[in-house]
Enquirer: 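Handing you a structure now.
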Protein chains: 2
Amino acid sequence: MLSTRVRKGRCCQVRKPTIKDVAARSGMAIGTVSRVLNGSQATSEASRLAVLEAARELGYLPNAHARSLRSAHSGTIALLVPDIRNPFFAELARVVESAALDHGLATLLCNADEDAAQFDRYVEVIRRQRVDGVAMIPLGEAHQAIDRVIADAIPMVFLDRHVPDIAVPSVVSDPEPGLSQAVDRLLEAGHTRIGFITGPMASSTGRERFHAYRSAMAARGIDVDPELVSHGDFQEESGMQGSALLLDRGVTAILASDSLMSMGALRTCHARGLRIGQDIDLIGFDDLPVFTLTDPPLTVVDQPIAEIGRHGVEMLLARMAGEQADSVRLPTRLIDRSSTRKDAGSPAR
Amino acid sequence: MLSTRVRKGRCCQVRKPTIKDVAARSGMAIGTVSRVLNGSQATSEASRLAVLEAARELGYLPNAHARSLRSAHSGTIALLVPDIRNPFFAELARVVESAALDHGLATLLCNADEDAAQFDRYVEVIRRQRVDGVAMIPLGEAHQAIDRVIADAIPMVFLDRHVPDIAVPSVVSDPEPGLSQAVDRLLEAGHTRIGFITGPMASSTGRERFHAYRSAMAARGIDVDPELVSHGDFQEESGMQGSALLLDRGVTAILASDSLMSMGALRTCHARGLRIGQDIDLIGFDDLPVFTLTDPPLTVVDQPIAEIGRHGVEMLLARMAGEQADSVRLPTRLIDRSSTRKDAGSPAR
DNA sequence: ATGAAAGCGCTAACAT
DNA sequence: ATGTTAGCGCTTTCAT
């Protein structure tokens, strides 16, 4: 392990220039400087130039805390995600942050790390920071932490998941079209024993995807056998175990209801030496880039992540402007690749 | 006049309780309340209880801006990453954020999205926010934005990459051991035409990995043929194109110097119908979870992400405490899987 | 159009 | 141990 010594900087400008310094240097009053910098009121061209020049020379940057303290808005929003390592949330975070920045809003990106306690700590941070708005993917559903944000009257939207009985507008995907297509796909391929790996029933996505699956099956006259349903928790481990269980019960196809569990199912099939798309069919969730690189490329139910993020920010902006906002559901769809066989009885690819 | 506007369906508490309210309710002076809440000075048990009780009843939460304005530290650090979608940075972000939270510090996670302009905008946000410290993965190297952070005297550390001539302590990985093992592995398998896909020469990681590769080859008496080096940019696309180019030049093995380019190389090999580990050997970079799920599981050079993150936070904490900090390099290592053939001339697996 | 001045909510220095 | 008070840097009246 190499090691390089680094000197502590010493010639650093300790006191940062304040609006007062800019006023002094430009020969203007503090109020005028503020007005020029914010464009909040008319100013003469002469003083505008003088102020801007002084600010530039001084390298002046307004103190966000002083501004927030006085003006009751901070120019920041918070985004609270359950797990930033989950590629779905990473992508969502990128979209939200980018859309927010386009509106001049900085994003405090908070990662609950699948931990309710950390979720609560971050909600507290968010409330202390007096952010202008909050976009969150709720973790679990028994949240007095969420109630507090509402009590604080901080504009908020839910992304990806919603919570019953909490009147916060949400942008979520509708699992119905995608799962309906997935069921069709599997049925056409001749499968009679299909396994489903659910998410946690404590999340709206877990419940709704399971419900959409059962509805799709019912629409084709099939009653879902509880034996062929494994209850997971959106983590890879539960996808591994769930698929193992379902395989033991003789399923010929598996539907996993989120990306991490899809990976888990893939891993179990690999471990058992199963030829996916031949011995076993597998349909995953979320169209992650890597799913085209897996063995084999995965047939998946795709969610419109970018639209969820963009729409979510617009909705939050509307709320911040005091407007009303209606929850929306964006459709999912099936992307057919090689983890599902092409015809009944015939091998895939 | 208080707002009489009717907000639909919400009876929101408009004015948040301040320290003054807590003081009034508890019958204590403001100063005492502050002391109790911060534990900054001794207080009597009786007043402590009274204050705490009043604060609880009121649902009081200190205003972070007021506190920061007055006390010159904000309890937040900023983490600036080039691309949060890159699983390497997502994992690093998680580790840093978690370590920071353990020290009572909230993390402002900023995503430059591989865009220099967005990088600069976030640096400005960071400076306005008067964060207590900054951990960043520098993007490119011509950064007056970075100089400004230094001029502001905000404690800072570099993670993953460093910038020459900028005296900021860094925690980066040492590509030498891993790449040396990778070269050994390939040479033992009998390869004579090995292709290397570099990162951008404008980043320390790009330069150092390339240099480590050449050194490792030189140590085995081999001069690297410039024809067999493709210059990429750490994006998947350049991995696809670079591997295509190298393949056209007749390489029998490819070494990619980051995870995204590894995926690109994998994709090109798939597209060409090459059997990886047989027709062509491939060694990737970073041990991402998905690399065990790809076709085939990838042999990779692994970086100790968690250590980089943890060490980085410790180093930043030290800097924030006014202490000196020494840059460190953490070793990489080879993880041997199925994308490299087992013996000269014999098929893999 | 601009200057003066009153705070925003808090901490810390100074009292007692 | 606790009360009092002066700001932190800024926006926003209120004058002019």
Side-chain angles (χ1 to χ4, degrees), chain A residues 13-52 54-55 58-76 125 127-132 152, chain B residues 1-2 13-52 54-55 58-76 125 127-132 152:
Chain A
Q13 143 191 5
V14 171
R15 204 180 73 75
K16 286 159 199 158
T18 73
I19 197 170
K20 223 166 154 180
D21 299 317
V22 178
R25 183 167 191 116
S26 64
M28 297 285 119
I30 291 181
T32 306
V33 174
S34 175
R35 284 183 281 258
V36 168
L37 261 22
N38 295 293
S40 52
Q41 262 184 55
T43 50
S44 78
E45 191 59 16
S47 47
R48 219 181 66 83
L49 259 34
V51 166
L52 258 23
L58 256 25
Y60 170 74
L61 220 46
N63 181 320
H65 297 300
R67 184 177 289 200
S68 303
L69 182 57
R70 184 58 234 237
S71 67
H73 49 64
S74 62
T76 55
V125 168
R127 294 175 61 219
R128 299 167 97 111
Q129 291 289 331
R130 306 296 201 260
V131 296
D132 297 339
D152 280 356
Chain B
M1 175 169 152
L2 289 172
Q13 148 191 357
V14 172
R15 207 179 71 75
K16 284 160 199 156
T18 73
I19 198 171
K20 223 166 154 180
D21 300 317
V22 178
R25 182 166 192 117
S26 63
M28 298 284 119
I30 291 181
T32 306
V33 174
S34 175
R35 283 183 282 257
V36 168
L37 262 22
N38 295 293
S40 51
Q41 263 184 54
T43 50
S44 79
E45 191 60 15
S47 47
R48 221 180 66 84
L49 259 32
V51 166
L52 259 22
L58 256 23
Y60 171 75
L61 220 45
N63 181 319
H65 297 299
R67 183 176 290 198
S68 302
L69 183 57
R70 183 59 233 234
S71 67
H73 55 271
S74 62
T76 55
V125 168
R127 294 175 60 218
R128 298 167 98 109
Q129 291 290 331
R130 306 296 201 262
V131 296
D132 296 341
D152 280 356

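Atoms considered below: every heavy atom in the structure, side chains included; atoms not considered: hydrogens, waters and symmetry mates.
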Enquirer: Between H65(B) (NE2) and dG9(D) (P), how many Å, whole number?
Expert: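 Nearest whole value for this atom pair: 16 Å.
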Enquirer: Counting side-chain heavy atoms from CB outward, which of dC8(D), dT12(D), dT11(C) is closest to L69(B)?
Expert: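 Among the listed nucleotides, the one closest to the side chain of L69(B) is dC8(D).
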Enquirer: Just how far, in rounded Å, is P of dC8(C) from NE2 of H73(A)?
Expert: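 Atom-to-atom, H73(A) to dC8(C), this comes out as 17 Å.
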Enquirer: Base, sugar-phosphate, or nothing: which does S47(A) touch, judged by heavy atoms less than 4.0 Å apart?
Expert: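 Here S47(A) touches the backbone only, sparing every base.
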Enquirer: Rounded to whole Å, how long is the line connecting atom CG of N63(B) with atom P of dG7(C)?
Expert: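 These atoms are roughly 18 Å apart.
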Enquirer: Rounded to whole Å, please give me the gap between CZ in R128(A) and P in dG9(C).
Expert: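 Going from R128(A) (CZ) to dG9(C) (P), I get 16 Å.
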Enquirer: Closest to the T32(A) side chain: dC10(C), dC10(D), dG3(C)?
Expert: dG3(C)
Enquirer: Round to a whole Å and report the spacing from CD1 of I30(A) to C1' of dT11(D).
Expert: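 Taking CD1 of I30(A) and C1' of dT11(D), I get 11 Å after rounding.
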Enquirer: If you pin Q41(B) and R70(A) to their nearest nucleotides in DNA chain D, which one's is more 5'?
Expert: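 Nearer the 5' end of the strand: Q41(B).
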Enquirer: Can you check the D21(A) CG to dG9(D) C1' distance for me, whole Å?
Expert: 10 Å
Enquirer: On the nucleotide dT11(D), are OP1 or OP2 found under 4.0 Å from the side-chain N or O atoms that N38(A) carries?
Expert: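 Yes.
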Enquirer: Nearest-Å distance, NZ (K20(B)) to C1' (dG7(C))?
Expert: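 One finds 10 Å between C1' of dG7(C) and NZ of K20(B), rounded.
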Enquirer: To the nearest 0.5 Å, how far apart are NE2 in H73(B) and CG in D132(B)?
Expert: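 Result: 6.5 Å between the selected atoms.
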Enquirer: How is S34(A) classified with respect to the nucleic acid when contacts are heavy atoms under 4.0 Å: base, sugar-phosphate, or nothing?
Expert: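 Contact class for S34(A): base.
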Enquirer: With the side chain of A29(A) defined as its heavy atoms from C-beta on, choose the nearest nucleotide among dG3(C), dT2(C), dG9(D).
Expert: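 Among the listed nucleotides, the one closest to the side chain of A29(A) is dG3(C).
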Enquirer: Roughly how far, to the nearest 0.5 Å, is the CG atom of L52(A) from the CG atom of L37(A)?
Expert: 7.0 Å
Enquirer: Which whole-number value in Å describes the distance from I19(A) CD1 to dC8(D) C1'?
Expert: 14 Å
Enquirer: Of the options dA1(D), dT11(C), dC10(C), whose atoms approach the side-chain atoms of S71(B) most closely?
Expert: dT11(C)
Enquirer: Can a donor-acceptor pair be found, under 3.5 Å and without considering hydrogens, that links the side chain of T32(A) to the backbone of M28(A)?
Expert: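 No; zero donor-acceptor contacts below 3.5 Å.
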Enquirer: What distance separates H65(B) NE2 from R67(A) CZ, expressed to the nearest 0.5 Å?
Expert: 12.0 Å
Enquirer: What nucleotide among dC10(C), dA1(C), dA13(C) has an atom nearest to a side-chain atom of R35(B)?
Expert: dA13(C)
Enquirer: Tell me which of M28(B) and A66(B) sits closer to the 5' end of DNA chain D, going by the nucleotide each one is nearest to.
Expert: M28(B)
Enquirer: Report yes or no: does N38(A) contribute a side-chain atom to a donor-acceptor pair with the main-chain N or O of S40(A) at less than 3.5 Å?
Expert: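 Here the side-chain-to-backbone pair does not exist.
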Enquirer: Among dC10(D), dA1(D), dT2(C), which nucleotide has an atom closest to any side-chain atom of S44(A)?
Expert: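 The nucleotide sitting nearest to the side chain is dT2(C).
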